[in-house]
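One-based numbering, in listed order, for ligands and for the atoms of each.
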Amino acid sequence: MKTPVAIAKGDGIGPEIMDATLFILDAAAAQLELHEVEIGEKMYLKGFPTGMDPKTWEILRHTKAFLKAPITTPQGGGFKSLNVTVRTTLGLYANVRPCVSYFPFVDTKHPGMDVVIVRENEEDLYAGLEYRQTPNVCQSLKLISRQGSEKIVRYAFEYAKRHGRKKVTLFMKDNIMKFSDGLFHKVFDEIAKEYPDIVNEHWIVDIGAAKLADTPEIFDVLVMPNLYGDILSDVAAQIAGSVGLAGSANIGDHGAMFEAIHGSAPRRAGQNVANPSGLLLGAIQMLVHIGQEKVAEAIHNAWLCTLEEGIHTYDIYKEGVSREKVGTKEFAKAVAANLGKQPQQLSPVTYKVLPHLPPPPLTEGSLEERKLLGIDIFIYHKPPLEHFFSRISHIAIGPLRLKMITNRGVRVWPEGQPETFCIEQWRCRFLGNDGVAVSQNDLIQLLHAFDTVQMDVIKSEHLYSFAGNPGF
Ligand code: NAD
């Protein structure tokens, strides 16, 4: 029985590494019914803003998995990231990126490295909540939800449990982003308690990243919000040997997509030089996912043998370590020729098919009492503050009074400092006197009052407390 699988050859080096990968899958007799879809640069330029004909969704829904080569998103406005669209639309919430060193056959400073980065795939700064607010100010919103955090953190612990891994480490930055990363951290601490046999720890992402780059062998499974995971999985793959050596699985409750972690490397396109290993390792993860674990095992071991033989593409080729520098096609042929062999020094891989994880249980979430306390009104006005302060300082609606004005998060009133550099976006905070609750209508009247004094409002944000604790 062949498994229906969608494939997309993508852009740049995409077609070359996909052809090499399909050549190996075919040589290993993978039982796949391929459905090719066209995505990427050509589709963007044909006028599809997500880089994909909407009809493609039907194919992705029908197939069990999607093997996708990297694509190029054209520069300029109006183009939405296809990768983000597919991940979020299909709910592929977990991005799993193993980064392993193949020392001594691939040069690396980190012989013992074997980390799996579990990256949250749907939220954070990738939610696409971006705005140009003034001619000179843009804003991207970082969104973290309890539901999204619970799903990914539980996935990381389940992954560790199912793969016999010992430790799950969280990277975040809740010393600065106290609410968003703070929530991710809180959820991590809660879920970690359900897995007493797995060690858990947390690092602030900056020092964690430094440690990862310096001593990656101290980490096992890493879980983190989307942006940190995107950046650090490239770092991890590169220090393991090459960004061209890591594959990636995007797993959801209703589908899965497999790819290389790297991009379309347009400078290397059409030269038969790219390393197809990242996409091949993505395809191996796909074979395990669809229950063809024996084929996955044979290909993975043949690939390890090829690395051991020193048959290397340019990115991992090193004088004295490698034996032969080969192109994409020749590398694929060498892997195919090694099918059936076991690596001699690198540990052979065995795969067993694990039952698919049921959709993660979600807690009911917080039901804390919520109270509306005020509003932050963001306005567009050229500095200095004195040019408009008198127009808003007197505004009083019900219990709402002006309490603070900030510029780029720095308080400029009351008690501002003359050195503070100001731009044309100001945040004016109005709160009810003595922490008294206010109404939606009070806020509407306040916005109306801003309009009356001809202030250019670009955005507003309601201010709530939760069980008496301010949420701002
Ligand atoms: P990139 O990952 O495409 O390439 C950066 C460099 O890494 C290349 O110049 C090359 O030296 C090396 N490299 C990458 N893959 C390699 C491979 N398989 N073999 C050998 N060397 C390899 O990053 P970029 O240049 O910043 O991005 C190029 C395009 O890719 C952009 O349009 C970007 O939006 C897109 N992109 C797509 C995806 C995706 O489709 N999943 C992911 C990241 C970037």
Around Lys459, counting heavy atoms of other residues, nucleotides and ligands shown, do more than 12 lie under 6.0 Å from its NZ?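 For Lys459, atom NZ is crowded (more than 12 foreign heavy atoms under 6.0 Å).
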Taking only Lys NZ, Arg NE, NH1 and NH2, and the carboxylate oxygens of Asp or Glu, determine whether Lys325 and Glu319 approach each other closer than 4.0 Å.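 Here Lys325 does not pair with Glu319 in a salt bridge, since their nearest N and O are not under 4.0 Å apart.
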Do the charged groups of Arg87 and Glu259 touch, with an N to O distance under 4.0 Å?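 Salt bridge flag = yes for Glu259 with Arg87.
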Report each N/O pair between ligand 1 and the protein that falls under 3.5 Å, naming both atoms.
unit_1   : atom_1 : unit_2 : atom_2 : d
ligand 1 : 2 (O)  : Gly263 : N      : 2.7
ligand 1 : 3 (O)  : Gly263 : N      : 3.4
ligand 1 : 3 (O)  : Gly263 : O      : 3.4
ligand 1 : 3 (O)  : Ser264 : N      : 3.1
ligand 1 : 3 (O)  : Ala265 : N      : 2.7
ligand 1 : 9 (O)  : Arg267 : NH2    : 3.4
ligand 1 : 11 (O) : Tyr314 : OH     : 3.4
ligand 1 : 15 (N) : His262 : ND1    : 3.3
ligand 1 : 18 (N) : His262 : NE2    : 3.1
ligand 1 : 18 (N) : Asn275 : O      : 2.9
ligand 1 : 19 (N) : Asn275 : N      : 2.9
ligand 1 : 21 (N) : Tyr314 : OH     : 2.8
ligand 1 : 30 (O) : Ser264 : N      : 3.0
ligand 1 : 30 (O) : Ser264 : OG     : 3.1
ligand 1 : 40 (O) : Lys68  : NZ     : 3.4
ligand 1 : 40 (O) : Ile71  : N      : 2.9
ligand 1 : 40 (O) : Asn83  : ND2    : 3.1
ligand 1 : 41 (N) : Asn83  : ND2    : 3.3
ligand 1 : 41 (N) : Glu259 : OE1    : 3.4

Name the atoms and distances for all side-chain donor-acceptor pairs under 3.5 Å in residues 275-286, with sequence neighbours left out.
unit_1 : atom_1 : unit_2 : atom_2 : d
Asn275 : OD1    : Ser277 : N      : 2.9
Asn275 : OD1    : Ser277 : OG     : 2.5
Asn275 : ND2    : Thr313 : OG1    : 3.2
Asn275 : ND2    : Asp315 : OD2    : 3.1
Ser277 : OG     : Trp303 : NE1    : 2.9
Gln285 : OE1    : Ser248 : N      : 3.3

Apply salt bridge (charged side-chain N to carboxylate O under 4.0 Å, His left out) to the pair Lys352 and Glu293, showing each step before the final yes or no. CA-CA 6 Å; Lys352 60 175 189 279; Glu293 74 283 3; over 6 Å; no
Let me know which of Lys186, Lys173, Lys142 forms a salt bridge (charged side-chain N to carboxylate O under 4.0 Å, His left out) with Asp181. Lys142
